[in-house]
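For reference, the structure is listed below as C-alpha cells.
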Amino acid sequence: MGRLVSDRPPHQLIPRREVDPRQELPSLELEVLERWRERDVFAESLRLREGAEQWVFYEGPPTANGPPGTHHVLSRVFKDIYPRFQTMRGYRVERKGGWDCHGLPVEIAVEQKLGISSKAEIEEKIGIEAFNAACRESVFAYLEEWNRLTGRIGFWLDLDHAYRTLDETYIESVWWALAQIAQRELLYEGHKVVPYCPRCETTLSSHEVALGYEDVVDPSVYLKLQVSGGEDRLLVWTTTPWTLPGNVAVAVSPTASYARVRAGGEVLVLAEDRVVPVLGEQSEILERFSGSELVERYGSYRGPIFAAEDREEGELPILADEFVTTQDGTGIVHLAPAFGEDDYRVAAAAPTVPFEPTRAGTLYNPVRPDGTYDGRTRSREGGSYEGRFVKDPALTEELIADLRERNLLLKVEEYEHSYPHCWRCGTPLLYYAKPSWYIATSRLRDELLAANETVNWYPPHVKHGRFGDWLKNNVDWALSRERYWGTPLPVWRCPEGHVHVIGSFGELAERSGKTLEDHHRPYVDEVTFPCPHTDDEGGEPCGAPAHRVPEVIDVWFDSGAMPFAQHHFPFENSETFEERYPADFICEAQDQTRGWFYSLLAIATLMSWPAPYRNVVCLGLILDEEGQKMSKSRGNAVEPWPVLDSYGADALRWYFFTSKQPWDGYRFSLEAIGEGVRLFLKQLWSTYYFYVLYANAAEQDLRRGGADASDPADLPDLDRWALSRTAATAELVAERLDAYDATSAGRAIAGLVDELSNWYVRRSRRRFWDGDISAFETLRTCLLTVSKLLAPFCPFIADEIYDNLDGSLASVHLCDFPRAADLAPRDEELERAMELARETVRLGLGARGQAKIKVRQPLAEAVVVADGRERLGIERLAAVVREELNVRRVRFVAAAEELGSYEVKPNYRTLGPVFGKEMPLAAQAVAALDPQRVAAAVRDGGALGIAVGGREHTLTSDDVILTMRAPDGYSVEREGAHAVALDLAIDEDLRAEGRAREIVHAIQNARKTAGLQVEDRIELALDGDASLLEAATAHRDYIVRETLAVELALGGDAVGAATFDYSEHTEVDRLPLSISLRRAQSQ
RNA sequence: GGGCGAUUAGCUCAGCCGGUUAGAGCGCUUCUCUGAUAAGGAAGAGGUCCCUGGUUCGAGUCCAGGAUCGCCCA
C-alpha cells in the first residue's frame, strides 16, 4: 500500500499514500482484508442500512465435510456481487450463512474413516449413537477452510450466525412444516422401487449401483399368455422370471405396430419388429395393429401367471405406455410393480390395476426383504416356494419348468447383459419396492407451475425448459431415507397402524413426558407415547404405544426449509421471517434445478406460500482447458488457493464475471485470468498510479488551487468527455446489474477504464505535468466513480483506490452506488464528436503509415472530409486531432470532390420493408442515380424520387448510403463517409521541428539510460552534425523545456565530456549526435 | 432413449427487431509511438458463422432435420 504520507494536511486532490506501480495484487488484497477487519466494514455496511428496505438473499447451504473447490468460488462470488451492489444502492441486505449438515455423503465419509461399509456394521459394531456423533464431528471437518476461503475471496457472509441444518431449532421448524403437510393429508406411506441388496438388506445409491455392474448370463424367457375371451396368446419377454409371481398386468407401446402371427398351430401376438428375430423367417403374419388397438381389441389376459393363495383366477389388464420399446424382447412386457420402477409407475396410473400408491397395502409383493418368497406363491402342484431365494438358479429352473408344464412357455434362451451387483458382497441387486414416505407434490402441480411463473430465471430458458419440464412431470417426493444421520422423520405409529406426526418438541415432550436435548437418532427413537388416535365418533383414544418410524428425511427437505427454519419460525422470529420472505435473489449451479431450487419451491407451495424467490441465477459447470469435467480422479481439478495466491481474488472474480455469461459454463484457463489482470486490473492500477504520481509531484500547484471543484460547464472538452463517458458507464452498469448481467456490466467498466487510460490520460499528460487542476479533478472523479462501479466486482482494488483518493468513508463499500444525479450530465453530442475525432485520428495515422512518415515529423496540413454535424464535431476537437496527427492545421472540405467522388448505395434496412419483393429493382434504381446529385440533394434536404414497378418513392437521407470512391494521387484513408488526407510536403521549417523532436526523444532516452528521475533537472550538451545543431538552435526553448535542462551547450567546444556523468553517441535522421548530461546540482 | 443448452478467426468471446464487405481481445508477422502502463497505435495473415433443407427480396440471426460436445433425467 505504499508508505503513508502522514505529515501532509489532507487535501482533496492529494492522495494519502504513494503507490507502487508494480504492486502485487494478492498482497494488496491481504492488506485490504486487514483494513476491513480493523474498521469492521461488513458489519458497518449493514448498520448503515438499518431501517432501509430489505433486499433478500438466501444462502444455499453447502456441506463443509469436504474442501471447497473452484466451482464453489464461482457460486460464492456471484452470491457476493449482487448483494454488494444492492447494498450500495441503499438496500439492507442481510447475508446469513448456512451449512447443510446431514445426509449420505457425511455418512459415507464417516464409514470410510471408521473402515466400515454396511448398515449392519453401523448398527451392530459402532452403534447409532457413536456413528452419529462421528457424523456431527465430521460434517464440520473443513469448516475452517470454508470460512477462510469465503473471507479470502471477499464474499461477505455472516458466518458467525450461520444456520445449520443439524441445529435443534432448525429441526423443530422442519418438523413443524412436515406436520403442516401431514395435516393437509399430503404425507403418505407408499413404496419406492430401489436398487436393493437382499443380503446386506440395504438400499444402494445410484453411485453405489454404478460401482457394481458385471456382465452376466440370465435366462431370457418368452411367455405366451392367453388373452381373455379368445385363443390368441400374447408373447411376453422377461429376463427376471422370479418377478412373475408379482405380475399384475402387461404393457405394450401405444404407437408401435403389433402383429398376429400363426406359429406352431397357435396364434401369437408380438411387436411386428420382433417377429423375425423371435419366431424366424417362416412365421405368417395374419394381421397388424397398433399397440393402442391391441389394448382395445384384447383388453386383458388370463392370470395370475403363478397361482397364489390370496389371488383368484381371472383377468389381468393390458396397458399401454411409452416406456415399452421394441428394441429387444417381444414389445410386450410384464408388469410387477413391486420390482420395477416403470412397472410401479404404470400400474399406479392405471385405474384397472387395483393398486394405489398412497395405500401401502395395495402393492402386491410376494418377496420378503431378505430376497426369499413368502408363503403365498404356489407351484403348479400347489406347493409353496416359501423361503426360496429368488435368484437361486435351481429355483429359476423350477419356475421355468412349471411354466412349460402349463404351456405358458414358448422358449428359453440365454441372455448376456450388464447387471448391477452389490459392490460390497457381489450379490445381484433386486429392484425392489421398499416402504417409503412420500409427499404428494404431484397433487400441487398446478400450484407449482403457477409459482414458477412468478420467478425470473437467468438464463430465461431454465424457466420453461429444464425447471418447468421437471415441474410438469412432477412425481411425488420420496421423502424418507433408511439412514441414520439426518432429521428424523417425526412420524409415530402404534401397533394398530395409527399414524401421528409430531409438530414441535413441546408436543413430543407433552405426549411422552420426556424432554430431549438432542432430537437426532438414536435418542428420538426411544421416545414413545400413547397413541392419541380416536375414531370418527370421537370417543376414547387408542392409547397403544406409538413408536417413531425408523427413517430420516431427505436432506433436500432440510435445505428447502431454510427460508423459515433458519429463523426457527414459527416458534420465534416471526417478524424476521416475514420480512425476509421471499428472497429477491438466489444463485446456485444449474444442477440445483432438481435440488435446492425445487425443494425451496415445493416446500413453499406445500405451505401455500408464494414462490420463495424472485430471481434465480443458474451457474454453469467449470470445465478444464480441454473442455473436460474437472475431477480429482482425473487430476485436472484446479484448486482455488494457488490461483488466489498467485493472481488474487479480484482477478479470479473478474474472470468469472466477465469472461462469459456464467450459465454457459467455463473453460477454466489460468491464461485468461492472467489476461484479465494485465488488460484490466493492471491498466486500472497504472492509471491510478499515474494520478497519484503526478498529484504528489504537483502538490504545490494543487494546494494553491484550493479544493473547490470547477464548474463542469467551464471544463475543457476532454474533461467533459471523460466525465460524460463515466456517467454513461455508470448508467449502463447499474442497468445491467439490475438485470443480473454482471458480464455486460463488467465489460462496460473495462471499456471505460480503457478509454480513460488510452485516451484521456494519453491526451492529458501535459496538463498533469503542468499541474492543471481541472485535469486532476476530472481524473480523480472518474477513478473514484470507477472504484464505486467496480466495488461489487473487485472489492479489493476498488477499495484501495477509493481509500487513497478519497477515504472520507471507511470503505468504498459504504458508499452509494453512483447515480446519474451525482455525476456530471451526459453530453452525448460530445461523446459522438470524440468518437469521430478518434476515427479521424485513426484514419490520419493510417495515411501516415502508408506514406511511411513518422508521427514525430510534423506535417503542414491534414485535410478532413466531413460535413454538417460531423464537421462541427471534429472541428470542436480539432486541437486533439492536430496534436495526435502532429499537423499544423486541420482543414475541412465539405464536398468530397476534392478528394474523390461519391458512391451511392441503397439502405436495405429502410428500403427493404417498403419494397419487399421489388427490392432488387429498387436497388438497381438507386444505383442508377447520379451520386453527386444524390449527395447534393441529401445535403440540401431536397427530395429525390425513384419509381419501381409503377410505385413512386421519395428517398430520404436514411434511404441511401453515401461512400467515398477512391481518389487518384492522394494519400488518403477512407472509411464510410469519412476520409483524411495528409499534405506530405516537408519544408525546411517542418524538417527542423521534426529533428528537434527527434533530438528530444534521444535525450529522453539518454536520461532514462542515465538513471535519472522524471523530475530531475539536467545540464546538457549536444554535439554532432551541423544541421542537427541548427535545428536544436532553432528549437532551443522547446528542447530545454521538454528535457528539463537548466543549461544547454551546443557544439563541440561546449562539451568537455569529463565533466558530465553520462554521455552517448547516437544518430538522428542518420546524422551523428552526441548527448552529454548530468544532474543539475541546484534548481 | 427423452429434455435443455452450446457450436462464429489458431485461442477466448461479441454479434440487437433478419438488411447485403461478420467484429473484439489474445496469439502471430511487419512497422510505429512512448518519461504512468509487461501498455498504446497502424498494417497484414487468419472465417464453409457445424451440416442439409426450408421460409424470405434478403439468413450467422427464423423454422425443420441431422452431426458433435456438455449437462440433466431414464
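Quantities reported herein were computed from a predicted structural model and do not represent experimental measurements.
Taking A:Phe657 as the reference, A:Phe78, A:Phe793 meet the ring pair (Phe, Tyr, Trp, His ring centres under 6.0 Å) condition, with sequence neighbours excluded.
Here the side chain of A:Arg765 is nearest to one of B:C57, B:A36, B:C26, namely B:A36. Checked against B:A36, B:C26, B:G19, the side chain of A:Tyr694 finds its nearest nucleotide in B:A36. Relative to the side chain of A:Tyr689, the nucleotides B:A42, B:A38, B:A36 differ in distance, and B:A36 lies closest.
Between the CG atom of A:Asp664 and the C1' atom of B:C4 there is a distance of 13 Å, given to the nearest Å. If you measure from atom CZ of A:Arg766 to atom C1' of B:G35, you get 12 Å, rounded to the nearest angstrom. A straight line from CG of A:Asn474 to C1' of B:G3 spans 16 Å, rounded to a whole angstrom.
Atom P of B:G25 sits at a distance of 16 Å from the matching atom of B:A14, rounded to the whole Å. The gap from the C1' atom of B:U55 to that of B:C62 amounts to 8 Å, rounded to the nearest Å. Taking the C1' atoms as reference points, B:G70 lies 28 Å from B:G54, given to the whole Å. Across the C1' atoms, B:C11 and B:U30 are found 22 Å apart, a figure rounded to whole Å. Spacing between B:G47 and B:A22 at atom C1', rounded to whole Å, works out to 9 Å.
When the side-chain nitrogen and oxygen atoms of A:Arg838 are compared with OP1 and OP2 of B:G40, none of them lie within a distance under 4.0 Å. Residue A:Arg466 places none of its side-chain N or O atoms closer than 4.0 Å to OP1 or OP2 of B:C71.
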message: Evaluate A:Arg678 against A:Glu675 for salt bridge (Lys or Arg N to Asp or Glu O under 4.0 Å), listing each step before the verdict.
response: CA-CA 5 Å; A:Arg678 228 175 57 240; A:Glu675 195 176 305; 5.7 Å; no

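Salt-bridge formation is not detected for the pair A:Arg997/A:Glu1042: no Lys NZ or Arg NE/NH1/NH2 atom is positioned less than 4.0 Å from an Asp or Glu carboxylate oxygen. Of the charged side-chain nitrogens involved, none lies within less than 4.0 Å of a carboxylate oxygen, so that A:Asp770 and A:Arg767 do not count as a salt-bridged pair.
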- prompt: Which parts of nucleotides 8-13 of chain B does protein reach within less than 4.0 Å, heavy atoms only, written one letter per nucleotide 5' to 3' as B for base, S for sugar-phosphate only and - for none?
  reply: ----SS

query: With Watson-Crick and G-U wobble geometry limited to distances under 3.5 Å, how should the secondary structure of RNA chain B be encoded in dot-bracket form, using | for bases paired to another strand and [ ] for crossing pairs?
result: (((((((..((((.....[...)))).(((((.......))))).....(((((..]....)))))))))))).

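In this entry the base of B:C63 is anti relative to its sugar, with a glycosidic angle more than 90° from 0.
Proximity of the aromatic rings of A:Tyr691 and A:Phe768 is defined here by a centroid distance below 6.0 angstrom, and this criterion is not met.
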